[in-house]
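Notes follow the structure.
Order of the sequence lines fixes the chain letters, A, B, ..., with proteins taken first and strands second; residue numbering starts at 1 for each chain.
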Amino acid sequence: MLLATWNVNSLKARFARVSEWIADVQPDVLMLQETKMTDAAFPAGAFAAAGYESVHFGEGRWNGVAILSRVGLESPRPNFAVGEADFQARVVSATCGGIVVVCVYVPNGRSLDDDHYQYKLRFLAQLRDHVAALADPAGDVVIGGDFNIAPTDADVWDPAALVGQTHVSAPERDALGRIVEWGVRDVVRDAHPEPGLYSWWDYRNGSFHRGWGMRIDLLLASASVAARTTWSAIDRNARKGEQPSDHAPVLMEVAAR
DNA sequence: ATGGTGGCCCGGCCA
C-alpha cells in the first residue's frame, strides 16, 4: 500500500499536475494540503473517475485538506475530534485500508512573536489529543501532512540562517515531539539519515536550484506501520517543471499485515 | 535571505 502526502498550494492551480502525478505514481492513499477551495469546488468526480474515494474539508480561499483513497475510505471526519473545532480547515481524518489516516496542515506560525505562533503551538497540542482520541498507538496509524516544522537542524539547509525563526524553534519541535512520543515514527528520516533531504523550497530567490530547502512535510507512522514500511521517498522531481507547488510529495510503501 | 515568487482575487494577505 502506497501512501503519500502533498501540499499542492491550490488544487485549482495544481489540478493538472496532481492528476498526472496520480496517474504516474498510482498512490493508494493521498493526503492533500492547501487545496484552497470550497467543498463544492473540490473535484471529487474527477478523482472518482480515476478510482479514488475522497473526503475534502475546505473553506475557500485558504487552507483546505483532503484524503483520496482507492483502498476504501471509512469514518471520514473533518476537523478535530476533541476540544473546540478549529476555525480553519486544517485537519481531516479517515480510515483507509485499515489504517487510521490523519491529514494535517499545521499553521505556519509566521514569527515567534506573532499570535499565529501561539495558535500553531495550541494546534499541535490539540492534534496530539485528536490522534489519541481517534486511534490506538498499538494499531495502524499514519499522520501525514505539512507540519511547518523541521524536526531537527539536519532538516534545513542552513540552521544558522534560521535562528529565531519559526519552523525550527524549540517549542514547536517539542510539540511535534509530544505527538511522536504518543507513538509514531518519522519513517522517511528513519530510512534516510543523510542531510540535504527537503520537501519544501521557497519560490523566491531560486531556492530550489540553490538547495535552500526544509523537510517540513512528514509521514508519521505507528510502530506496526513503521515496521511494515518497505520504502519511502521525497519526490523532488515534482518540484521541477511548469507551475510546481513549492512542496514535493512524500511517499511510503507499507506491506500488508 | 527579509524578499527578487506565487496563490488567492484584483489591493493586500498569506506562505
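Taking atom P on both nucleotides, B:dT2 is separated from B:dG7 by 24 Å, rounded to a whole Å. For the P atom pair drawn from B:dC9 and B:dA15, the interatomic distance equals 16 Å after rounding to whole Å.
One interatomic measurement links the two molecules: CZ of A:Arg210 to P of B:dG4, which rounds to 14 Å at whole-angstrom precision. Atom-to-atom, OH of A:Tyr117 to C1' of B:dA15 comes out at 17 Å; the value is rounded to the nearest Å. Look at CD on A:Glu242: it is 15 Å from C1' on B:dT5, rounded to the nearest Å. Rounding to whole angstrom units, CZ of residue A:Phe15 and P of B:dG7 are separated by 17 Å. Between A:Gln165 atom CD and B:dT2 atom C1' the separation is 8 Å, expressed in whole Å. To the nearest angstrom, P of B:dG7 lies 13 Å from CG of A:Leu11. Rounded to whole Å, the distance from CZ on A:Arg17 to P on B:dG7 is 11 Å. In this structure, CG of A:Asn9 is placed 15 Å from P of B:dT5, rounded to the nearest angstrom.
The one candidate from A:Arg122, A:Lys120, A:Arg178 that meets the salt bridge (Lys or Arg N to Asp or Glu O under 4.0 Å) condition with A:Glu172 is A:Lys120.
Nucleic acid contact for A:Glu59: none, since no nucleic acid atom lies under 4.0 Å from a heavy atom of the residue. When heavy atoms are screened at a 4.0 angstrom cut-off, A:Arg14 is found touching the sugar-phosphate backbone but no base atom. A:Trp157 comes within 4.0 angstrom of a base, heavy atoms only. Base contact: A:Asn205 has a heavy atom under 4.0 Å from a base atom. A:Tyr105 comes within contact range of the sugar-phosphate backbone alone, with a heavy-atom separation under 4.0 Å but no base atom that close.
A:Tyr198 shares a hydrophobic cluster with A:Val156, A:Trp157, A:Leu162, A:Val168, A:Trp200, A:Trp201, A:Phe208, A:Trp212, A:Met214, A:Ile216; the chain of contacts runs through ILVMFWY side chains whose heavy atoms sit under 4.5 Å apart. Other cluster members for A:Tyr117: A:Leu112, A:Leu121, joined by side-chain heavy-atom distances under 4.5 Å among Ile, Leu, Val, Met, Phe, Trp and Tyr. The hydrophobic cluster of A:Val82 has no other members, since no ILVMFWY side-chain heavy atom comes under 4.5 Å of it.
Applying the ring pair (Phe, Tyr, Trp, His ring centres under 6.0 Å) criterion to A:Phe57, with sequence neighbours excluded, gives no partner residue. Checked against ring pair (Phe, Tyr, Trp, His ring centres under 6.0 Å), A:Phe15 has the following partners two or more places apart in sequence or in another chain: A:Phe47. Take A:Tyr52 and apply the ring pair (Phe, Tyr, Trp, His ring centres under 6.0 Å) test, not counting sequence neighbours, and it matches no residue. Every residue meeting the ring pair (Phe, Tyr, Trp, His ring centres under 6.0 Å) condition with A:His116, not counting sequence neighbours, appears here in chain and number order: A:Tyr119.
The residue among A:His247 and A:Met214 whose nearest nucleotide of DNA chain B lies closer to the 5′ end is A:Met214.
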Considering only nitrogen or oxygen atoms on both sides, find all protein atoms under 3.5 Å from nucleotides 9-12 of chain B and state each distance.
| from | atom 1 | to | atom 2 | distance (Å) |
| --- | --- | --- | --- | --- |
| B:dG12 | N2 | A:Arg61 | NH2 | 2.0 |

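Listed in residue order, the members of residues 144-156 of chain A having a heavy atom less than 4.0 Å from DNA chain B come to none.
Hydrophobic clustering, with ILVMFWY side chains joined whenever heavy atoms are under 4.5 angstrom apart, groups A:Phe147 together with A:Val100.
Between the side chain of A:Gln243 and the base of B:dT5 there is no donor-acceptor pair of N/O atoms closer than 3.5 Å.
Within the 4.0 Å cut-off from OP1 or OP2 of B:dA15, at least one side-chain nitrogen or oxygen of A:Arg110 is found.
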Test log, rule salt bridge (charged side-chain N to carboxylate O under 4.0 Å, His left out), inputs A:Asp186 and A:Arg215:
CA-CA 11 Å; A:Asp186 179 348; A:Arg215 194 176 67 91; 2.7 Å; yes
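The side chain of A:Arg204 lies closest to B:dT5, out of B:dT5, B:dG4, B:dT2.
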